[in-house]
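What follows is a set of notes on a single structure, which appears directly below.
Treat the numbers as computed from the prediction; the structure is a model and nothing was measured. A, B, ... follow the sequence lines: proteins, then strands. Residue 1 opens every chain.
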There are 2 protein chains.
Amino acid sequence: MAQVKPMRADARRNRERLLRAAAGVFAEHGAGASLDDIARRAEVGTGTLYRHFPTRQALLEAVYLESVEAIAARADTIAAARPPGAALVVWLGELAVGMLQVRGLKALLGTAVTGAEAVAGRADGADRADRADRACGDCVRGAAERLVRAAQEAGAVRGDVAPIDVLRLVHGVVTACESAGETDGTAVRRYLSLLMEGLTRA
Amino acid sequence: MAQVKPMRADARRNRERLLRAAAGVFAEHGAGASLDDIARRAEVGTGTLYRHFPTRQALLEAVYLESVEAIAARADTIAAARPPGAALVVWLGELAVGMLQVRGLKALLGTAVTGAEAVAGRADGADRADRADRACGDCVRGAAERLVRAAQEAGAVRGDVAPIDVLRLVHGVVTACESAGETDGTAVRRYLSLLMEGLTRA
DNA sequence: ACCTGAACACCGTTCAAGT
DNA sequence: ACCTGAACACCGTTCAAGT
């Protein structure tokens, strides 16, 4: 489907510039970075940014779509080589590390997966964002569903948890690591294993 | 210790007005509410707000100090009536519900307990806030330490987790509930029990 | 059809002037 | 000693004017 109407050459060029600029600025200043900054770095009027990406969420979505798809694709690769329970653990670990290290990815998936708490405050354009910009969330949710269901059927995960619960808890674990200042993979993997094995009884 | 120098009458009155106004505004608009709003509602100049509470964190701390102390005090009450493992679970549940329902409390404890991720963005006055405004964090951390240690000695909780880990994970669980739009106690208790019992094996 | 950038409304923070 | 509020720097968002 991609593009129903081909874009005008300058529009297409501006979109590209905006994506490149946004990737850089998000990487430097996080998902809450100034949109003005992005437009300036892209050498584009602020109005142009809003024309292409009506919400911050839409911009995040476009910037990180490929990364998210890659993570989702990993789910199947991992599942093919491991028993269901182990596959889930490994994939969740990769997902969590990604959210922790790629600035903006956590904010994007926080909204996309759970449906709230975008970046900072405003719920202005949230209505519009809700509809179209779900591609990333669908992607991750789909992968999580396949892995969790398989693990449940294999008896490796209890049956009364939904895949969305697991994603939310992983999001929470990543939040915990972030606030601990631990952005390397070791801390998040440790918290994840606590989540999986459980606090009670070693 | 309270007040080394007694405040001037008008200063004391303004402080009181600010606290009352802040409690109302935080309850209505969350911990990220406009400080201008608070000063306006208190019928006080904005500069006065900054004189009394140099950072948002300091204001949150002052507003919620009593609530936090009450929660911490509950820890001992609960511990006196229950075996260590159960006491920890019950107290964490109360803590989580408090963070979920009292707007601002989660933001306050997020910073106080973990040392990061204040409310939204700016790390401006964070340096100053780090030092003095730790009362709430100390309070909660102290209570958590007593309960976790006791539970560990009783063999109810594995020995390789630190109390701070538990607090961070609870913070994460509350975040998960928030983003799920579940603000009543049931969801958070369910996630908490998942955390405690573990995902693997029913 | 798309772009531009000034204009608007809002925010946090500081500070000279007042009592 | 404390308070006030204007001033400053910043931000997101919109929109009339341009091509």
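- Salt bridge present: A:D37 and A:R40 bring a charged side-chain N and a carboxylate O closer than 4.0 Å.
- Residue A:R17 contributes atom CZ, which lies 14 Å from atom C1' of C:dT4 at whole-angstrom precision.
- Nearest nucleotide to the A:A11 side chain, out of C:dC3, D:dC3, C:dC11: C:dC3.
- Between A:R20 and A:E16, none of the side-chain N atoms (NZ, or NE/NH1/NH2) sits under 4.0 Å from a carboxylate O, so this pair counts as no salt bridge.
- The side chain of B:H52 places an N or O atom within less than 4.0 Å of a non-bridging phosphate oxygen (OP1 or OP2) of D:dC3.
- Salt-bridge check for B:D160 with A:R190: failed, with every basic side-chain N at 4.0 Å or more from each acidic carboxylate O.
- Between the CZ atom of B:R13 and the P atom of C:dT19 there is a distance of 17 Å, rounded to whole Å.
- A salt bridge links A:D138 with A:R141: the distance from a Lys NZ or Arg NE/NH1/NH2 to an Asp or Glu carboxylate oxygen falls below 4.0 Å.
- B:F53 has its CZ atom 16 Å from the P atom of C:dT14, to the nearest Å.
- Phosphate contact (OP1/OP2 of D:dC3, side-chain N/O of B:N14, threshold under 4.0 Å): present.
- Across C:dC3, D:dC3, C:dG12, the shortest atom-to-atom separation from the side chain of A:R51 is found for C:dC3.
- Base-pairing analysis of DNA chain C finds the following stems of at least three consecutive Watson-Crick or G-U pairs, with both pairing distances under 3.5 Å: C:4-8 with D:12-16, C:12-16 with D:4-8.
- In this structure, A:L18 places its CG atom 11 Å from C1' of C:dC3, rounding to the nearest Å.
- Residues B:F26 and B:I38 have side chains in contact (heavy-atom distance under 4.5 Å, counting atoms from C-beta outward).
- OP1 and OP2 of D:dA1 both lie 4.0 Å or more from every side-chain N or O belonging to B:R8.
- No side-chain donor-acceptor contact under 3.5 Å links B:R168 to the backbone of A:C177.
- Between the CZ atom of B:R15 and the P atom of D:dC3 there is a distance of 12 Å, given to the nearest Å.
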*Taking it one step at a time, do A:D184 and A:T186 satisfy side-chain hydrogen bond (donor to acceptor under 3.5 Å, both in side chains)?*
CA-CA 6 Å; A:D184 62 335; A:T186 58; 2.9 Å; yes

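- The distance between atom CD of A:Q57 and atom P of D:dG12, rounded to the nearest whole Å, is 15 Å.
- Set against C:dT13, C:dC3, D:dG12, the side chain of B:L35 has C:dT13 as its closest nucleotide.
- For residues 22-31 of chain A, the set of pairs meeting the salt bridge (charged side-chain N to carboxylate O under 4.0 Å, His left out) definition, not counting sequence neighbours, comprises A:E28-A:R41.
- With B:Q152 contributing its side chain and B:V161 its backbone, the two residues share a donor-acceptor pair below 3.5 Å.
- Of the residues in residues 36-50 of chain A, those placing a heavy atom less than 4.0 Å from an atom of DNA chain C are A:V44, A:G45, A:T46, A:G47, A:T48, in numerical order.
- Atoms CZ (A:R56) and P (D:dC11) sit 11 Å apart, rounded to a whole Å.
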